[in-house]
> 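Can you read through this structure? Questions will come right after.
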Amino acid sequence: MKVIVDFCLTPLEAETSLTPYSAECQKIIASLGLSHQLHAYGTNIEGEWEVVMDAVKRCHMRVHEMGAPRISTQLKIGTRSDREQSMADKVSHVRDYLAQSLKRKQTQ
């Protein structure tokens, strides 16, 4: 099953800067060949359910290895059974809608 996940891992009782932890997770996600996009408060990931969840598990394991004693993770998971839809498809759809709305407004 294909899945799109919004993944935000937060080490607790760790350094003030979370950059090293985020960078390690980005390396793990990329090494598994997953399509992903880093954003200000996490990462969007798409791929097969098992591979994406393996990436989340590997990120937890690596961040613990880096010294974080506790981790809090937020996941938003989306799946579709009617058709495949990528992250890029979802973003393009909204951008197209906005462009059409702007054109309609300009012609009124």
Side-chain angles (χ1 to χ4, degrees):
M1 174 186 293
K2 295 277 187 183
V3 64
I4 297 176
V5 170
D6 187 27
F7 171 52
C8 180
L9 181 148
T10 306
L12 305 175
E13 302 174 25
E15 300 293 321
T16 303
S17 174
L18 302 181
T19 299
Y21 305 105
S22 296
E24 284 298 311
C25 287
Q26 292 299 302
K27 291 177 193 175
I28 290 166
I29 295 163
S31 76
L32 293 172
L34 292 166
S35 179
H36 61 285
Q37 185 170 3
L38 177 68
H39 56 83
Y41 285 99
T43 304
N44 292 132
I45 310 169
E46 74 179 312
E48 289 295 327
W49 180 283
E50 293 81 6
V51 181
V52 172
M53 293 306 143
D54 184 41
V56 170
K57 179 181 178 182
R58 289 178 188 218
C59 288
H60 268 255
M61 292 169 48
R62 179 65 186 119
V63 171
H64 281 306
E65 288 172 1
M66 294 173 72
R70 296 179 62 209
I71 298 169
S72 175
T73 293
Q74 294 178 331
L75 287 176
K76 287 191 234 173
I77 302 171
T79 58
R80 290 194 74 149
S81 62
D82 59 336
R83 67 184 176 102
E84 285 194 23
Q85 185 179 38
S86 70
M87 294 184 300
D89 293 337
K90 291 173 76 70
V91 172
S92 291
H93 185 72
V94 173
R95 288 184 176 152
D96 291 346
Y97 180 86
L98 288 169
Q100 290 172 3
S101 294
L102 181 60
K103 285 180 185 178
R104 282 193 299 270
K105 191 171 186 173
Q106 291 173 344
T107 59
Q108 292 176 349

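Throughout, numbering of the chain's residues begins at 1 and tracks the sequence.
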> Residues in side chain to side chain contact (heavy atoms under 4.5 Å, CB included) with E13, at least two apart?
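Counting only residues at least two positions away or on another chain, E13 forms a side chain to side chain contact (heavy atoms under 4.5 Å, CB included) with P69, R70.
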
> How many angstroms lie between atom CE of M61 and atom CD of E65, to the nearest 0.5 angstrom?
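Answer rounded to 0.5 Å: 6.0 Å.
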
> Picking from L9, V5, V3, what satisfies side chain to side chain contact (heavy atoms under 4.5 Å, CB included) with L75?
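Among L9, V5, V3, the one that satisfies the side chain to side chain contact (heavy atoms under 4.5 Å, CB included) with L75 is V5.
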
> In terms of hydrophobic clusters joined by side-chain contacts under 4.5 Å, are V52 and M1 together?
yes

> Roughly how far, to the nearest 0.5 Å, is the CD atom of Q26 from the CD atom of Q37?
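Here the interatomic distance stands at 10.0 Å.
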
> Below 4.5 Å, heavy atoms only, C-beta onward: do K57 and M53 meet side chain to side chain?
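Sidechains of M53 and K57: no contact.
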
> Are any non-hydrogen side-chain atoms of C25 and T43 less than 4.5 angstrom apart?
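They are not in side-chain contact.
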
> Would a single hydrophobic cluster contain both V56 and L18, if residues Ile, Leu, Val, Met, Phe, Trp and Tyr are joined by side-chain heavy-atom contacts under 4.5 Å?
yes

> Could you grab the distance from atom CE of M87 to atom NE2 of H36, nearest 0.5 Å is fine?
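Going from the CE atom of M87 to the NE2 atom of H36 covers 8.5 Å.
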
> Return the minimal non-hydrogen interatomic distance between A55 and I29, and the atom names on each side.
CB-CG1, 4.3 Å

> To the nearest 0.5 Å, what is the distance between CD on Q74 and CG on D6?
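The CD atom of Q74 sits 8.5 Å away from the CG atom of D6.
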
> With a 4.5 Å cut-off on side-chain heavy atoms, are W49 and I77 touching?
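I77 reaches W49 side chain to side chain.
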
> Per the side-chain hydrogen bond (donor to acceptor under 3.5 Å, both in side chains) rule, what does the pair list look like for residues 88-99, sequence neighbours excluded?
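Non-adjacent pairs meeting side-chain hydrogen bond (donor to acceptor under 3.5 Å, both in side chains): S86-D89.
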
> Write down the atom of Y21, the atom of A68, and the distance for their closest heavy-atom approach.
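Closest pair (atom of Y21, atom of A68, distance): CE2-CB, 4.5 Å.
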
> Measure the CD-CD1 distance between E84 and I4 for me, rounded to the nearest 0.5 Å.
10.0 Å

> Kindly compute the distance separating CG (L12) from CD1 (I71), expressed to the nearest 0.5 Å.
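So the CG of L12 and the CD1 of I71 are separated by 8.0 Å.
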
> Identify the heavy atoms of L34 and E46 that sit nearest to each other, and give their distance.
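That closest heavy-atom pairing would be CD2-O, 3.6 Å.
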
